[in-house]
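The structure appears right after this line, and notes come after that.
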Amino acid sequence: MFEDSTFESSHRIKSKTGRWMLLTTILCSSVLFVMILIPLYFLDALPKGAMTTLLVAPPPPPPPPPPPPPEVHQVQVKPQMLNNQLTAPTRIPKEIKMVTEKEAPPSSGFGVAGMGDSGGSTGGVIGGVFGNSAPAPVVKAAAPKKIAISQGVAQGNLLQRTQPIYPPIAKAARVSGTVVLHATISKTGTIENLQVVSGNAMLQQAALEAVRNWRYKPYLLNGEPVEVDTTVNVVFNLGG
């Protein structure tokens with residue numbers, strides 16, 4: 001018995017500590033495993049607020065603030081005078097600033113004698129302004145070099161008319177009609193720049209030769225003769 005109570009008992013005392021440790025470890029592991037599986041199996045039992053927090057992505061970060069606007073420097077360009085003449089600026093500004101001119105000074109009124117205290121002198125201002133003023137120059141409009149008139153107006157200024165000679169070939173072919181000519185009447189009344197506008201070819205030459213000898217009274221505009229453009233109708237009729 002004394003031999004069994006000493007520390008060196010050659011391992012004769014046997015206990016069940018190892019079995020209890022193994023059993024306790026298995027039991028704790030089972031409880032922990034069950035506690036983990038229950039929430040995963042019963043998903044409806046979890047709070048919806050927590051699920052929403054876990055599943056919804058966080059909001060994006062706010063955008064960066066916009067950059068500040070660039071500074072604008074207004075440059076006022078003053079005209080440069082050289083020999084009392086305006087010259088162009090040497091550089092063109094980016095921004096043009098509107099410059100408002102100052103208000104004009106109030107006009108001073110002229111006094112008239114007998115009109116109260118208006119600051120005028122008797123017969124001084126009115127006589128000085130209107131008495132010594134020079135007469136206004138008469139502006140005379142220059143007469144135009146050439147104007148256009150109608151055939152009726154030109155017919156009224158006709159002084160000498162030469163009858164055209166009926167071409168024999170046209171008379172034999174029984175050709176008649178009107179030849180329209182464009183003519184320029186000079187300042188002296190003679191015919192210039194005579195041209196055919198329309199008419200039968202057999203009658204044109206006879207009309208030109210006759211109208212070249214016509215003479216007109218000069219057309220006056222503001223008392224001065226001017227050149228005029230007009231049309232001349234020469235009628236060829238077989239019946240005379």
Side-chain angles (χ1 to χ4, degrees), residues 77-92 96 98-101 104 107 110 125-240:
V77 179
K78 297 182 178 179
Q80 299 177 359
M81 298 293 292
L82 181 61
N83 296 329
N84 294 329
Q85 295 181 356
L86 291 175
T87 58
T90 57
R91 57 189 180 89
I92 301 176
I96 300 177
M98 299 299 295
V99 180
T100 57
E101 298 183 356
S107 60
F110 293 98
V125 176
I126 300 300
V129 173
F130 297 99
N132 299 329
S133 59
V138 179
V139 179
K140 187 175 182 181
K145 295 182 178 180
K146 184 185 294 186
I147 62 174
I149 61 175
S150 64
Q151 180 186 356
V153 176
Q155 189 73 19
N157 293 339
L158 183 61
L159 299 177
Q160 178 183 344
R161 179 187 179 95
T162 303
Q163 293 294 337
I165 300 175
Y166 213 115
I169 186 172
K171 185 180 294 186
R174 310 294 295 177
V175 175
S176 63
T178 302
V179 178
V180 181
L181 305 177
H182 176 270
T184 299
I185 303 176
S186 65
K187 296 180 180 180
T188 59
T190 58
I191 298 297
E192 298 177 356
N193 299 328
L194 191 61
Q195 299 176 358
V196 177
V197 178
S198 63
N200 193 282
M202 295 182 182
L203 306 175
Q204 291 179 3
Q205 187 62 32
L208 290 172
E209 292 177 357
V211 175
R212 283 195 183 99
N213 298 322
W214 290 10
R215 293 295 179 268
Y216 289 84
K217 181 173 64 176
Y219 188 83
L220 300 179
L221 181 64
N222 296 330
E224 296 183 2
V226 294
E227 294 182 351
V228 295
D229 284 339
T230 186
T231 56
V232 179
N233 295 342
V234 182
V235 181
F236 290 87
N237 191 357
L238 292 174

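In this text the structure is predicted, and so the values were computed from the model without any measurement. Nothing fancy with the numbering, it's 1 onward along the sequence.
Applying the ring-ring contact (aromatic ring centres under 6.0 Å, His included) rule to F236 yields the partners Y166; only residues at least two apart in sequence or on another chain are considered. With sequence neighbours excluded, the residues that form a side chain to side chain donor-acceptor pair (under 3.5 Å) with T190 are S186. Residues that satisfy the side chain to side chain donor-acceptor pair (under 3.5 Å) test with N233, not counting sequence neighbours, are Q151.
P218 and P225 make their closest contact through CB-CB, 4.2 Å (heavy atoms, listed as atom of the first residue, atom of the second, distance).
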> Under the side-chain contact (heavy atoms from CB on, under 4.5 Å) criterion, do Y219 and I185 qualify, and how do the steps go?
Replying inline: CA-CA 9 Å; Y219 188 83; I185 303 176; over 6 Å; no
Solution key, residues 192-199 side-chain donor-acceptor pairs under 3.5 Å, sequence neighbours excluded:
none

Hey, can you pull the donor-acceptor pairs under 3.5 Å for the side chains in residues 167-183, sequence neighbours left out?
none

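Atom CD1 of I191 is separated from atom CG of L208 by 11.5 Å, given to the nearest 0.5 angstrom. Note that the CG atom of L221 and the CD1 atom of I149 stand 11.0 Å from one another [nearest 0.5 Å].
Within the structure, the side-chain hydrogen bond (donor to acceptor under 3.5 Å, both in side chains) test picks out the following pairs touching residues 208-218 (sequence neighbours left out): Q205-E209. Residues in residues 183-203 take part in no ring pair (Phe, Tyr, Trp, His ring centres under 6.0 Å) pair, two or more places apart or across chains.
For CG of L220, the number of neighbouring non-hydrogen atoms (other residues, nucleotides, ligands) closer than 6.0 Å is greater than 12.
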